[in-house]
Amino acid sequence: MTAFTLAHLSDPHLPPLPKPRLRELLGKRALGYVNWVRNRKFRHAREIVDVLTADLLAQAPDHIAVTGDLVNIGLEAEFTPAIDWLRTIGSPHDVTLVPGNHDAYVASTWPRGVDVWRDYMRGDGAAHASNLQFPFERRRGPLLLIGTSTAVPTAPFMATGRLGARQIADLEALLSQHAADDAFKVLLIHHPPRSARSRRHKRLTDASDLLGVLRRHGVDLILHGHDHTHSLTWFDGPAGRIPAVGVPSASQVIDGKHDPAAYNLFRIVRDGHAWHCDWSVRGLASPETGVAELRQQELR
């Protein structure tokens with residue numbers, strides 16, 4: 001069987017930040033704007049996103065997963081440039097998006113993001129649905145992609161995520177329904193189920209409920225963002241361990257402090273009754289060499 005290649009990138013935090021109106025700088029957004037001006041604008045560069053995605057497209061993946069945080073502080077003016085960027089990397093059929101906490105930075109504009117990006121967050125057969133539903137499922141080649149949303153508006157200084165009781169229950173029902181399905185199941189989520197870097201103010205608040213579902217039903221691979229770092233964590237499943245893979249911000253410059261921009265490639269193939277998944281990481285190696293392969297291993 002021919003390998004199916006799934007690309008994964010996350011947290012582009014698309015720069016530059018549009019100039020906000022004074023009335024938009026209230027509450028949490030004011031703090032986020034100050035943080036952008038003082039810190040984040042020096043760490044995230046649009047030319048980095050463009051170089052990284054050009055290299056990704058040159059690899060000709062069969063599908064691309066984007067695990068959230070397209071925008072920064074939820075300005076109305078951020079959402080249209082984000083959909084324009086999504087269209088440069090692929091159509092809604094070829095790109096699957098799940099949202100991050102910055103996409104739902106404030107409650108007032110999060111519905112705008114939902115409206116503009118909805119075609120990238122629809123499940124198969126939901127083309128005419130008026131409301132988005134999470135979790136959603138998409139079949140692409142041998143893969144069953146399961147998209148979830150941990151994006152909820154939070155108080156200032158908080159970056160937590162939550163699935164919620166209904167989404168947890170629906171995810172359990174979906175995985176139970178596909179228990180006998182021999183597809184390679186990939187769970188897409190913004191917040192990692194567990195991470196040493198996700199402190200209390202950045203954690204997934206109902207991670208224990210999610211991990212309980214995964215112990216009972218399992219998936220083959222979890223892809224997430226949020227921490228802006230390379231990571232591989234293993235969780236218990238019903239028939240073995242489940243790998244959860246994170247990736248740095250797709251716009252992160254080389255600064256010696258943070259993991260530079262990178263993306264993941266997974267080459268997935270069925271061999272008899274077993275799945276094989278080869279994972280490679282491509283990213284900024286140095287200012288001179290640009291994007292290169294950083295590591296490769298088999299996930300088992």
Side-chain angles (χ1 to χ4, degrees), residues 1-11 51-68 89-90 93-98 137-147 175 178 181-190 192-195 214 217-250 252 259-286 289-300:
M1 180 184 292
T2 303
F4 186 97
T5 302
L6 174 66
H8 168 226
L9 74 163
S10 195
D11 298 73
V51 167
L52 193 77
T53 53
D55 186 83
L56 184 156
L57 293 174
Q59 308 306 311
D62 295 294
H63 198 76
I64 301 171
V66 183
T67 50
I89 64 171
H93 179 271
D94 297 323
V95 179
T96 299
L97 169 69
V98 296
E137 59 181 287
R138 287 178 154 193
R139 290 273 185 171
R140 297 296 183 268
L143 273 58
L144 176 65
L145 297 164
I146 302 165
L175 292 175
H178 290 285
D181 194 331
D182 64 356
F184 187 90
K185 302 177 181 70
V186 182
L187 179 68
L188 305 179
I189 188 168
H190 179 70
R194 184 174 62 238
S195 165
L214 295 177
H217 301 283
V219 295
D220 296 289
L221 177 64
I222 302 167
L223 301 181
H224 68 82
H226 191 56
D227 284 349
H228 296 193
T229 186
H230 297 287
S231 66
L232 171 61
T233 310
W234 295 88
F235 298 99
D236 292 333
R241 299 188 305 163
I242 302 168
V245 180
V247 69
S249 162
Q252 175 65 52
D259 288 347
Y263 67 92
N264 295 316
L265 285 174
F266 302 92
R267 292 180 175 87
I268 300 156
V269 65
R270 185 86 171 185
D271 182 11
H273 297 292
W275 286 107
H276 292 279
C277 180
D278 290 322
W279 168 37
S280 62
V281 181
R282 294 185 64 82
L284 294 181
S286 71
T289 59
V291 180
E293 185 169 275
L294 304 180
R295 69 183 74 165
Q296 185 173 11
Q297 71 178 85
E298 184 178 0
L299 289 177
R300 60 168 71 199

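All values below were derived from every heavy atom in this structure, side-chain atoms included, with hydrogens, water molecules and symmetry-related copies excluded. Positions are given from 1 along the sequence. If you're wondering where the values come from, they're calculated on a predicted model, not measured in any experiment.
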* All side chain to side chain contact (heavy atoms under 4.5 Å, CB included) counterparts of I189, not counting sequence neighbours -> T148, T150, L163, L204, L210, I222, H224
* Structure fact -> Closest non-hydrogen atoms of V291 and V51, given as atom of the first, atom of the second and distance, are CG2-CG1, 3.7 Å
* Taking only residues two or more places apart in sequence, or in another chain, which ones meet H8 in a ring pair (Phe, Tyr, Trp, His ring centres under 6.0 Å)? -> none
* Asked: About how many Å separate OH of Y263 and OG1 of T53, when rounded to the nearest 0.5 Å?
  -> 9.5 Å
* Could you tell me whether the side chain of L56 reaches within less than 4.5 Å of the side chain of I89, counting heavy atoms only? => no
* List in chain and number order the residues that pass salt bridge (Lys or Arg N to Asp or Glu O under 4.0 Å) with R138, two or more places apart in sequence or in another chain; answer none if no residue qualifies. => none
* Residues in side chain to side chain contact (heavy atoms under 4.5 Å, CB included) with A285, at least two apart? -> T289, A292, L294
Quiz: residues 230-240 side-chain donor-acceptor pairs under 3.5 angstrom, not counting sequence neighbours:
residue: S231; atom: OG; partner: G246; partner atom: N; Å: 3.2

* Below 4.5 Å, heavy atoms only, C-beta onward: do L223 and L6 meet side chain to side chain? -> yes
* Are H63 and L143 side-chain neighbours, meaning at least one heavy-atom pair lies under 4.5 Å? -> no
* To do: Determine whether D220 and V186 make a side-chain contact, defined as any pair of heavy atoms from C-beta on separated by less than 4.5 Å.
  => no
* Work out which heavy atom in V247 is nearest to a heavy atom in A262; give both atom names and the distance. => CG2-O, 3.3 Å
* Asked: Where does the angle between the aromatic ring planes of F266 and W279 fall among parallel (under 30°), tilted (30 to 60°) and perpendicular (over 60°)?
  -> parallel
* To do: Only counting residues at least two apart or in another chain, list the ones meeting side chain to side chain contact (heavy atoms under 4.5 Å, CB included) with H178.
  => E137, R139, L144, L174, D181, K185
* Asked: Of all heavy-atom pairs between L265 and A7, which one has the smallest distance, and what is that distance?
  -> CD2-CB, 3.7 Å
* **S10 OG to H190 NE2 distance, which is reported to the nearest 0.5 Å** => 6.0 Å
* Set of residues satisfying side chain to side chain contact (heavy atoms under 4.5 Å, CB included) with respect to A261, sequence neighbours excluded -> I48, L52, L284
* Asked: With no hydrogens and no angle check, is any side-chain donor or acceptor of S249 less than 3.5 Å from a backbone partner on D11?
  -> yes
* Between CD on residue E298 and OG on residue S280, distance to nearest 0.5 Å -> 12.5 Å
* Does R140 reach the main-chain N or O of P142 with its side chain, forming a donor-acceptor pair under 3.5 Å? -> no
* To do: Could you pull out all residues at least two apart from D55 that satisfy salt bridge (Lys or Arg N to Asp or Glu O under 4.0 Å)?
  => R282
* L175 versus I146: any side-chain heavy-atom pair under 4.5 Å? -> yes
